[in-house]
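Let me begin by presenting the structure, written as structure tokens, before commenting on it.
By convention in this document, chain letters (A, B, ...) are assigned in the order of the sequence lines, proteins followed by strands, and residues within each chain are numbered from 1. Both backbone and side-chain heavy atoms feed into the values below; hydrogens, waters and symmetry mates do not.
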There are 2 protein chains.
Amino acid sequence: MTETAPRTQPRRSDTTRAAILRAARERFAADGYERATIRAIAADAKIDPSMVMRYYGSKEGLFAAAAEFDLRLPDLTAVPAGQLGETLVRHFLTRWEGDETLVALLRAASTNPGAAERMRGIFADQLTAAVATFGTDPATTARRAGLVASQILGLAFTRYIVRLPPMVDLAPEELVSWIAPTLQRYLTGRVEN
Amino acid sequence: MTETAPRTQPRRSDTTRAAILRAARERFAADGYERATIRAIAADAKIDPSMVMRYYGSKEGLFAAAAEFDLRLPDLTAVPAGQLGETLVRHFLTRWEGDETLVALLRAASTNPGAAERMRGIFADQLTAAVATFGTDPATTARRAGLVASQILGLAFTRYIVRLPPMVDLAPEELVSWIAPTLQRYLTGRVEN
DNA sequence: GTCTATAATTCGATAGAC
DNA sequence: GTCTATCGAATTATAGAC
């Protein structure tokens, strides 16, 4: 009975796996890596804790699967040179207002070395690659991407983790108009020194 | 034998308490709140774990004592208006390059509600108060302070927690020249919208 | 595939001798 | 003030029945 034909009905286990990942992302985002327990995640997903181990091997394995993240950066070569900063801030705000995976990653990166490593990879690879697409001096690409990451992650940290009142209260478009010029300068400004 | 005269010799307990706080700051900074155990802190301080409980009551109490933090912001009224951003970045960099308390607070704030509350207090009180000293519209003071905090904490997060290579490699004065204009605009730029 | 039962640690906190 | 001994709770992870 080894069925090789494509399957039309999803396996039960597929929906179970999806429910686990959903609950895991929620818990990791809300509580961080240590406080988010497999038991609590399983309870949220209405399944037995041992199923989590069966499907994902360990807590680390579960986190690795739940924290898969693609920034989905737009093609910056199609953006007018003067609107790069604005485009990026708006993209990030909409990207993570509706997806708590980045918040989960952000919280976990503070205490979990694996999560920090993944965060480094995401920004070093995806963001640096996007910055490299338009004509800046290759020697400064990594530095510019790092500076952009510092403001973008600082925005996320103060708005979603620490929840500084002024940063929580600002409307998305107000944040865009304040922060876009910062990114614009990091991306296209002249190198100092 | 209730001695009320001022004491010239410090109590033994004073040096013990200081050793505990030192070790606690190190562990909280390196591991975050959950992973830093009372047992490990006591071992670092070369004392018995029960002494930590005796002196600080609980792990929360120990953290509260270890994470006492003063930004020691300079008097901004004595700074030329055009050098506010530069002064602030340089101050923060030197302030926390030699004191791991802020890193401890930063890591703990991600998962510990009490630490997040303390971080809110520090930036809402100390930084907002400093921003209020020079003549900006009081209606925008909190917002400007929040934006400054977002870039300052983003710098700390990427440099000391996530350790993004480009942010780690930049020399302090290079960071100053890149980030100072950002803070300068948040502090003195016109309100958009 | 799903669950029960439990092993093996580890932690914060307490009681009490000295 | 300092230490030993330990409690009680919580965790990840495993073994195995159904």
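Remark: of the listed residues A:E97, A:E173, A:E174, A:E173 is the sole one forming a salt bridge (Lys or Arg N to Asp or Glu O under 4.0 Å) with A:R90.
Within the 4.0 angstrom heavy-atom criterion, only backbone atoms of the sugar-phosphate kind lie near A:T37; the bases stay farther away.
For A:R35 and D:dA10, the CZ to C1' distance is 13 Å, given to the nearest whole Å. In this structure, B:I38 places its CD1 atom 8 Å from C1' of C:dA13, rounding to the nearest Å. Across the protein-nucleic acid pair, A:M53 atom CE and D:dG16 atom C1' stand 16 Å apart, rounded to whole Å. When rounded to the nearest whole Å, the span between CD1 of B:I20 and P of D:dT2 equals 9 Å. Here D:dA5 presents its P atom at 14 Å from CZ of B:R39, a figure rounded to the nearest Å. Between A:K46 atom NZ and C:dT2 atom P the separation is 16 Å, expressed in whole Å. Between the P atom of D:dT11 and the CD atom of B:E34 lies a distance of 12 Å, rounded to the nearest Å. Here the C1' atom of nucleotide C:dA15 and the CE atom of B:M51 are 15 Å apart, to the nearest Å.
The nucleotide whose nearest atom lies closest to any side-chain atom of B:T16 is, among D:dC3, C:dA13, D:dT2, D:dT2. Ranking C:dT4, C:dA13, D:dT2 by closeness to the A:D48 side chain, first place goes to C:dT4. Across D:dA13, C:dT4, C:dT2, the shortest atom-to-atom separation from the side chain of A:S50 is found for C:dT4.
Heavy atoms of other residues, nucleotides or ligands lying less than 6.0 angstrom from CZ of A:R22 number 12 at most. Within a 6.0 Å radius of CZ in A:R163, other residues, nucleotides and ligands contribute 12 heavy atoms or fewer.
Under 4.0 angstrom from either OP1 or OP2 of D:dT2 there lies at least one side-chain N or O belonging to B:Y55.
Salt bridge annotation for B:R107-B:E100: absent, with no cationic side-chain nitrogen under 4.0 angstrom from a carboxylate oxygen.
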